[in-house]
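Below is one structure, written out as structure tokens; comments come after it.
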Amino acid sequence: MKTAVAVSGGMDSLLALALLKGQGRDLLAVHGLFLPPGPQDGEVLAALERQCRTLDVDFEVLDLRREFQREVVTPFVRAYASGLTPNPCAWCNPRIKFGILLDRVNGLGADRLATGHYVRMAEHGQWGPTLQRGADPVKDQSYFLSLVPRDRLERADFPLGGRFKNDTPAFLSELGLEPVHSSESQEICFVPDDDYRKFLLESGLSLPGGGNIELSDGTVLGRHDGLWRHTQGQRKGLGIAYSEPLYVLDKDVERNVLVVGPGHELATEGCLARRMNYLVSPDKWPEEVMVQTRYRQQAKPSRFLARGDELELLFLEPHAKPTPGQVAAIYSSDGLVLGGGVIES
RNA sequence: UGGGGUGUAGCCAAGUCGGUAAGGCAACGGGUUUUGGUCCCGUCAUUCGAGGGUUCGAGUCCUUCCACCCCAG
């Protein structure tokens, strides 16, 4: 029984590897290649390999660039072009990491896959193994894993789930380990300079052009250069001087109009999520669930109505308008992930 | 051409009995952050349409001119 550990070169996956090694597990470190070749690749791979040798763990490199392009990058670009705001990190987990990568490590003799995510798998009395928020509330990444199917999560290990991110650097140096990448790479991993607009422009896909910026009553305030440059709830970048801050309320794709308004107009009563990934069958859910429609947002209480792979949510507290294309993660009040889906409207 | 109104940073806009330029928006910079966003912090008028005058001191008073707006015609 062997466990594969996905190592990126960052400190979290390194710690995951070290912790599992300390448990005496039979390990295989795997590094997935997702991005087009870069100048530092050779160096990074060599460093990773050295690191694994030090820890006495076998190391494999898996080329998943094609798959990543097909499953994450291309859908990302298409989503923007069609007026949605995609969440590539949330897709990468079910499709790549716990999808294709997990399949590939199976082929290498590992039946489980461990990652450095700050989430936990809890054993619930009635629901069985269930995804749970990480112990560290500021680092919890369960939102990004809510689209991963349950049978996949049951084959996952998250050694960092009970730990706090702040402790990680010190703990690593105690172990005498140093990450290959000194800095955390945030933002979208495949978008250079954190500039998704430039990335879209260079993607070669034809993008919709400019149109009006209007208030919800139809008053024209200005022009935009393409709906894909904006997203619901966004304040910056409108370039409109008004008596108060204006936020994007809606992207009217039909009319190519960006609808904006003051902050209080962002409030909404509910939303519809589709392509639901149920980690716990909704007929077992409590009457009231907690819904998170953005990463790093406080989950809000909500009622729900499940219809097949659609979930209608009725917020019980004021809630900022969710963004179509983003993920709605459903939690129990004690932080167990009941499911996740893609926001439709 | 008569009558009225307005002119303060990119936009909106406070400026009281003259005392040495609020605030909001936008923009820019930074922080937070495994998506987009949000949020937080910081920067942003030696100058108040232009000239002259009164005054120790004027955006604030007087005056001339200019520009724009509205109602008349």
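Just so it is clear, the structure is predicted and the values come from calculations on it, not from any experiment. The sequence lines fix the lettering, A, B, ..., with proteins before strands; numbering per chain opens at 1.
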Inset, instruction - May I ask you to verify whether the side chain of Thr323(A) and the base of G36(B) hold a donor-acceptor pair under 3.5 Å? - result: yes

Legend entry - d(CG, Leu238(A); P, A26(B)) in whole Å: 8 Å

Legend entry - Nearest to side-chain heavy atoms of His117(A), which nucleotide of G36(B), A26(B), U34(B): U34(B)

Legend entry - Aromatic ring proximity, centroids under 6.0 angstrom, Tyr295(A) and Phe144(A): yes

Inset, instruction - Kindly give the heavy-atom pair with the smallest separation between Ser142(A) and Val119(A), and that separation in Å. - result: N-CG1, 3.2 Å

Inset, instruction - Provide the distance between the two C1' atoms, one in C39(B) and one in A22(B), to the nearest whole Å. - result: 25 Å

Inset, instruction - Taking the six-membered ring for Trp and the single ring otherwise, decide whether the centroids of Phe158(A) and Tyr118(A) are under 6.0 Å apart. - result: no

Inset, instruction - Assess whether one donor atom and one acceptor atom, taken from the side chain of Gln234(A) and the base of U38(B), lie less than 3.5 Å apart. - result: no

Legend entry - Same-atom distance (P) from A9(B) to C48(B), integer angstrom: 10 Å

Inset, instruction - Establish, with yes or no, whether the OP1 or OP2 oxygen of U34(B) is under 4.0 angstrom from a side-chain nitrogen or oxygen of Lys165(A). - result: no

Inset, instruction - Quote, to the nearest angstrom, the C1' distance that separates U60(B) from U55(B). - result: 13 Å

Legend entry - Residue whose nearest RNA chain B nucleotide is more 5′ - Tyr247(A) or Phe144(A): Phe144(A)

Legend entry - Phosphate contact (U35(B) OP1 or OP2) by Arg296(A) side-chain N/O below 4.0 Å: no

Legend entry - Asn277(A) side chain to Arg150(A) side chain, donor-acceptor N/O pair below 3.5 angstrom: no

Inset, instruction - Using the P atom as the reference point in each nucleotide, state the distance between C70(B) and C12(B) in Å, no decimals. - result: 16 Å

Inset, instruction - Rounded off to whole Å, could you give me the NZ-to-P distance for the Lys236(A) and C25(B) pair? - result: 9 Å

Inset, instruction - Tell me what Gly237(A) touches on the nucleic acid: a base, only sugar-phosphate, or nothing, going by heavy atoms under 4.0 Å. - result: sugar-phosphate

Inset, instruction - Report yes if a side-chain nitrogen or oxygen of Tyr242(A) is closer than 4.0 Å to either non-bridging phosphate oxygen (OP1 or OP2) of A13(B); otherwise report no. - result: no

Legend entry - Rounded distance in Å between the C1' positions of U46(B) and G57(B): 16 Å

Legend entry - Euclidean distance for P, U20(B) against U16(B) (whole angstrom): 12 Å

Inset, instruction - For nucleotides A26(B) and C40(B), find the distance between their P atoms and express it as a whole number of Å. - result: 12 Å

Legend entry - N/O (side chain, Arg197(A)) to phosphate O (OP1/OP2, G37(B)) under 4.0 Å: yes

Legend entry - Between G23(B) and G37(B) - C1' atom distance, rounded Å: 26 Å

Legend entry - Sugar-phosphate only, base, or nothing, as touched by Arg235(A) at under 4.0 Å among non-hydrogen atoms: sugar-phosphate

Inset, instruction - Check step by step if side-chain hydrogen bond (donor to acceptor under 3.5 Å, both in side chains) holds for Glu265(A) and Ser216(A). - result: CA-CA 9 Å; Glu265(A) 284 190 46; Ser216(A) 47; 2.9 Å; yes

Inset, instruction - Please work out if Tyr295(A) contacts a base, only the sugar-phosphate, or nothing of the nucleic acid, heavy-atom cut-off 4.0 Å. - result: base

